[in-house]
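Down below is the structure, laid out as structure tokens.
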Amino acid sequence: MKYRLLIWIMWPSFLVAGLAEGLLFSVIHPSELLFFGHHPDISDEGIYTLGFFVIWMFCAFSSALTAYILPGIEAPKDGDPVDRGLI
């Protein structure tokens with residue numbers, strides 16, 4: 001069940017991160033980025049890669065929070081009725 005929950009969190013966040021990176025870098029070119037007033041000494045592909053993983057991390061955090069607040073995430077205790085939430 002833990003692996004299934006991990007896939008439910010990581011796969012949608014991967015898809016959304018891919019779309020978000022495409023939208024972000026279609027508007028902003030990596031050579032236009034400034035970090036603390038300086039241009040990074042990283043290739044454009046490196047910026048794309050770092051950007052993707054940062055966006056994926058934020059999307060995964062959002063998906064994890066969604067999974068956390070869904071009903072049925074915890075195993076039922078003895079005597080408690082079974083919660084038929086999504087998870």
Could you tell me the separation between the NE2 atom of His39 and the CG atom of Leu34, rounded to the nearest 0.5 Å?
4.5 Å
Search all heavy atoms of Ile7 against all heavy atoms of Pro12 and return the closest pair with its distance.
O-CD, 3.8 Å
Hey, is the main chain of Phe58 close enough, under 3.5 Å, to the side chain of Ser62 for a donor-acceptor pair?
no
Looking at every heavy atom in both Ile9 and Ala60, which two are closest together, and how far apart are they?
CG2-O, 3.6 Å
Is there a path from Phe25 to Phe14 through hydrophobic residues (I, L, V, M, F, W, Y) whose side chains come within less than 4.5 Å of each other?
no
Do Val27 and Ile47 share a hydrophobic cluster, counting only Ile, Leu, Val, Met, Phe, Trp and Tyr and linking them when any side-chain heavy atoms are less than 4.5 Å apart?
yes
Kindly check if the number of other-residue, nucleotide or ligand heavy atoms within 6.0 Å of NE2 (His29) is above 12?
yes
What is the minimum heavy-atom distance between Met10 and Trp56, and which atoms define it?
O-NE1, 3.4 Å
Correct closest heavy-atom pair for Ser31 and Asp44 would be N-OD1, 4.3 Å
Out of curiosity, Ser63 OG to Leu6 CG, how far, rounded to the nearest 0.5 Å?
11.0 Å
Measuring centre to centre across the rings, with the benzene-like ring taken for any Trp, is Tyr68 within less than 6.0 Å of Phe61?
no
Rounded to the nearest 0.5 Å, how far apart are CG of Leu33 and CD1 of Ile42?
10.0 Å
Hey, any chance Leu50 and Tyr48 share a hydrophobic cluster, counting ILVMFWY side chains that come within less than 4.5 Å of each other, even indirectly?
yes
So which heavy atom on Gly18 is nearest to which on Phe52, and how close?
N-CE1, 3.7 Å
A side-chain contact here means heavy atoms from C-beta on lying under 4.5 Å apart; do Cys59 and Ile55 qualify?
yes
